Amino acid sequence: MVMADSRVVEIKNLTKSFEHLTVLEDISLHVQRAENLIVFGRSGEGKSVLLKCIIGLMAPDAGKIFINGNDIGKLSIKELNLVRKNIGFLFQGAALYDSMTVRENLAFPLKRHFPEMNEKQIDDKVKYTLELVSLEEAIDKMPSELSGGMKKRIGLARSIITDPELMLYDEPTTGLDPITTKEISELILNLQKKLNMTSIVVTHDLICAEIIADRAIFLKGAKIAFEGEIKQLTVSNDPFLRNFFSHELIKV
Ligand SMILES: Nc1ncnc2c1ncn2[C@@H]1O[C@H](COP(=O)(O)OP(=O)(O)OP(=O)(O)O)[C@@H](O)[C@H]1O
Ligand SMILES: [Mg+2]
């Protein structure tokens, strides 16, 4: 496999369609190591599809995706799994396993990805990761005993517990009140700094975006319609962007 350079993700001319619907058309994009990129876009514009292509859950119709210089379309299943081991994915609306305690929820990805770890190592890692999200006391609780914000934190802990180099977040703050949104966003930023992760964050939420990142892209009509610093996008005179962000501001 190719050695890592500073581009953790590089997308070249990605096109993805479903039947007659072209969701992504000729998208090119890169994300540098330790950078946080925000992906904005209205509902149905292909944000989740983009993340699924990056992690190899969906195959593009055309174009290439490189993770640390590896063309994921050319990897064997075994090699793809190795690449994926370094990627954390917080799925949109990610649920915890309801019948498992927080401890078991967090241990799950470790057992799957690191079968060589013993019980003590797993337990230590679970505790350490719960500390990172400030929820040590929730270790023996069931998901039903947690608030929505706590569930998000535990979900976040579960997706970073394997120490991914690249984190993909799909709407990490949806459904949370503005203060919890701020807390979760700050947590994402702190984790990124502490663990030196590279992140791609799909969100509608301007509070979340402004806390987490500088650079953003805006998906619209299957294309990257805008790209730049969030501050520039929010003060743009473009009627579409003004409309999008004014609604976001009213919402929060
Ligand atoms: N597996 C699939 N089969 C067919 N169509 C799909 C599939 N996945 C997504 N689509 C379509 O692709 C388009 C983009 O979907 P996607 O989930 O990426 O939107 P999104 O930008 O994430 O929206 P939201 O903000 O609502 O989550 C939608 O029209 C959706 O119906
Ligand atoms: Mg989505």
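Both counts, for ligands and for their atoms, begin at 1 and track the order of listing. We're numbering straight along the sequence, starting at 1. Not measured: the values here are computed from a predicted model.
The distance criterion of under 3.5 Å between nitrogen or oxygen atoms is met by Val49 with respect to ligand 1. At least one N/O-N/O distance between Gly46 and ligand 1 falls below 3.5 Å.
The nearest protein heavy atom to atom 30 (C) of ligand 1 is not closer than 4.0 Å.
Within the cation-pi definition used here (under 6.0 Å to the ring centroid, within 45° of the axis), Lys85 qualifies as a partner of Phe114.
Those atoms of ligand 1 that come under 4.0 Å of a heavy atom in Met58, given as number and element, are 1 (N), 8 (N). Distances below 4.0 Å separate heavy atoms of Leu21 from the following atoms of ligand 1: 29 (O). Those atoms of ligand 1 that come under 4.0 Å of a heavy atom in Arg42, given as number and element, are 21 (O).
The closest approach between any non-hydrogen atom of His204 and ligand 1 is below 4.0 Å. Gly44 counts as a contact of ligand 1, since one of its heavy atoms falls under 4.0 Å from the ligand.
Between Phe244 and His204, the ring planes are tilted. Angles from 30° to 60° get that label. Using a 30° and 60° split on the angle between ring planes, Phe108 and Tyr97 fall in the tilted class, from 30° to 60°.
Not one N/O/S atom of Ser43, from backbone or side chain, sits under 2.8 Å from the Mg ion (ligand 2).
Nearest heavy-atom pair, Leu132 versus Leu187, reported as atom, atom and distance to 0.1 Å: O-CD1, 3.5 Å.
A side-chain contact (heavy atoms from CB on, under 4.5 Å) with Lys141 is found for one member of Thr101, Ile154, Leu146 and no other, namely Leu146.
Checked by atom type and distance alone, the side chain of Asp124 never pairs as donor or acceptor with a backbone atom of Gln121 at under 3.5 Å.
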